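Worth saying up front: this structure is predicted, and the values here are computed from it rather than measured.
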Amino acid sequence: MPELPEVETIIQNLRRGNTETPSVIGQTFASVQVFWSKSIFEPKITQFERQLPGQMIMDTRRRGKFLHFPLSSDHLIVHLRMSGDLSMTNNTNPNGEVKQPDPHDRVFFHFQNGWRLAFKDTRKFGRIWLVPDPELVLGNLGPEPLDHNFTAEDLFMRLSSHKRQLKPLLMDQSFLAGLGNIYTDETLHLAKLHPLRRSNTISPEEAKILLSEIRSVLKEGIRRSGASIDWAYRGGDFQNYFRVYQRTGEACPECGTTIERIKVGQRSTHFCPQCQVLSKYP
DNA sequence: CATCAACCCTGAGAGC
DNA sequence: TGCTCTCAGGGTTGAT
């Protein structure tokens with residue numbers, strides 16, 4: 001499930017290209033094929049198919065878990081949700097025949113030079129927008145955790161203004177943009193904070209540690225090109241370095257206590273009951 | 001405001 | 001073997 005590091009990895013690959021594949025920057029759309037109509041959230045498909053051809057990709061950006069492509073006129077925005085992926089491929093096989101879509105291909109963006117951007121999405125939760133103003137889609141997102149203008153004091157103030165459970169709050173994209181289930185569990189373990197701690201009981205010092213560990217986990221995820229989980233995004237190897245996520249019943253790397261799993265806000269949550277104590281906080 | 005259930009989907013894994 | 005059932009997961013929506 002792509003979270004900030006996986007999205008960052010994908011956007012960097014699209015930006016840089018490689019020896020076999022060109023960058024998406026500077027590519028001009030020729031046509032679009034939509035195989036699953038619900039993948040296009042806005043505008044309606046007919047308008048989407050009409051509006052995109054002729055526009056050039058000017059840049060690649062990431063905002064939270066969104067991929068953002070400023071175009072010559074509009075903005076193309078993609079959210080991969082659970083199982084989405086975006087990759088550049090050639091339109092034709094070596095023998096010259098046109099490649100047929102795989103069962104999980106949902107959208108093909110064809111470029112004028114014969115390359116195409118493929119949107120794969122097994123579980124069909126992904127969403128694509130084509131809008132004149134990116135703020136229409138990205139406007140409600142919270143701060144970027146890796147943005148240096150975002151400080152521990154800012155985080156402390158934001159935590160203090162709510163009385164919510166820490167984990168669901170950190171996963172709330174309007175509170176902070178980019179953390180999902182994996183990186184939140186890993187962060188809270190590193191910061192030695194219980195997932196059910198009330199946000200308004202966090203001290204300024206704890207907020208400082210929390211932000212530091214958020215950044216540390218995200219940067220390690222990016223350095224390892226993200227985590228490859230099940231059917232989802234493949235490429236990185238951060239899944240081999242999880243400390244608590246999906247390690248229920250295993251020993252805590254800090255203290256050896258058995259990792260527990262509970263449900264928090266409808267999400268499975270992994271933590272160490274020894275390192276991450278709740279009892280003293282009502 | 002905070003919480004929660006339901007929903008959108010598929011495929012893996014369990015149970016029979 | 002092959003069927004049915006359960007579940008995960010991000011984000012939205014509507015109810016409590």
Side-chain angles (χ1 to χ4, degrees), chain A residues 1-8 10 34-42 62-68 77-86 101-107 119-129 131 136-142 145 157-188 194-202 218 221 226-234 236 238-239 242 244-249 259-271 278 281-282:
Chain A
M1 46 306 299
E3 302 179 29
L4 189 155
E6 289 76 26
V7 175
E8 180 65 26
I10 291 170
V34 179
F35 307 111
W36 180 254
S37 61
K38 289 183 176 177
S39 296
I40 310 301
F41 195 72
E42 197 182 335
R62 179 192 59 71
R63 179 75 172 92
K65 303 178 195 173
F66 290 82
L67 297 98
H68 173 195
I77 298 174
V78 179
H79 197 300
L80 303 171
R81 291 282 186 96
M82 301 299 303
S83 58
D85 193 15
L86 270 181
D102 291 337
H104 296 146
D105 283 327
R106 305 303 176 203
V107 181
F119 176 63
K120 282 184 194 289
D121 187 18
T122 306
R123 299 207 171 167
K124 299 178 173 175
F125 285 167
R127 292 282 168 80
I128 297 173
W129 294 258
V131 290
L136 294 172
V137 181
L138 309 175
N140 289 329
L141 288 174
M157 292 303 289
R158 292 177 75 86
L159 289 167
S160 305
S161 68
H162 295 276
K163 299 178 191 170
R164 292 176 58 185
Q165 297 168 337
L166 205 44
K167 170 157 177 177
L169 184 57
L170 289 175
M171 289 181 64
D172 185 331
Q173 301 300 297
S174 65
F175 180 81
L176 189 66
L179 290 184
N181 211 31
I182 296 173
Y183 291 89
T184 306
D185 280 3
E186 294 297 304
T187 293
L188 290 175
H194 194 286
L196 295 177
R197 261 291 281 286
R198 291 288 156 177
S199 58
N200 60 333
T201 70
I202 299 293
L218 292 176
S228 308
I229 295 285
D230 300 335
W231 60 90
Y233 168 81
R234 295 176 190 283
F238 186 56
Q239 71 278 8
F242 291 162
V244 290
Y245 186 78
Q246 286 186 345
R247 297 214 182 280
T248 312
I259 303 293
E260 287 183 14
R261 182 179 131 163
I262 56 174
K263 281 273 181 190
V264 180
Q266 300 177 283
R267 291 287 173 252
S268 68
T269 298
H270 315 74
F271 74 107
L278 181 64
Y281 302 97

- Message: Strictly below 4.0 Å: does Lys263(A) bring a side-chain N or O up to OP1 or OP2 of dA8(C)?
- Response: yes
- For Thr122(A) and dG11(B), is the shortest distance between a side-chain N/O and OP1 or OP2 below 4.0 Å? no
- Query: Reckon Gln173(A) has a side-chain N or O less than 4.0 Å from the OP1 or OP2 of dG11(C)?
  - Reply: yes
- Query: Phe125(A) on top of dG9(C)'s base, within under 5.5 Å and under 30°?
  - Reply: no
- Under 4.0 angstrom between Arg198(A) side-chain N/O and dC1(B) OP1 or OP2: no
- Query: Quick one: are the ring centres of Phe238(A) and Tyr183(A) less than 6.0 Å apart?
  - Reply: yes
- Query: Do Arg247(A) and Phe242(A) meet the cation-pi criteria used here (NZ or CZ under 6.0 Å from the six-membered ring centre, within 45° of the axis)?
  - Reply: no
- Item | Listed nucleotide nearest any side-chain atom of Gln266(A), set dA6(B), dG9(C), dA8(C) | dA6(B)
- Task: Report the distance from atom NE2 of His162(A) to atom C1' of dT3(B), rounded to the nearest whole Å.
- Result: 14 Å
- Task: Would you classify Arg164(A) as touching base, sugar-phosphate or nothing, given that sugar-phosphate means primed atoms plus P, OP1 and OP2, and contacts are heavy atoms under 4.0 Å?
- Result: sugar-phosphate
- For Arg106(A) and Phe119(A), indicate whether the former's side chain and the latter's backbone hold a donor-acceptor pair under 3.5 Å. no
- Task: Tell me which of Phe41(A) and Glu3(A) sits closer to the 5' end of DNA chain C, going by the nucleotide each one is nearest to.
- Result: Glu3(A)
- Kindly say if Lys163(A) contacts the phosphate of dT3(B), meaning a side-chain N or O under 4.0 Å from OP1 or OP2. no
- Nearest-nucleotide comparison on DNA chain B, the residue closer to the 5′ end among His104(A) and Arg267(A): Arg267(A)
- Query: Is the shortest side-chain N/O distance from Tyr183(A) to OP1 or OP2 of dG10(C) below 4.0 Å?
  - Reply: no
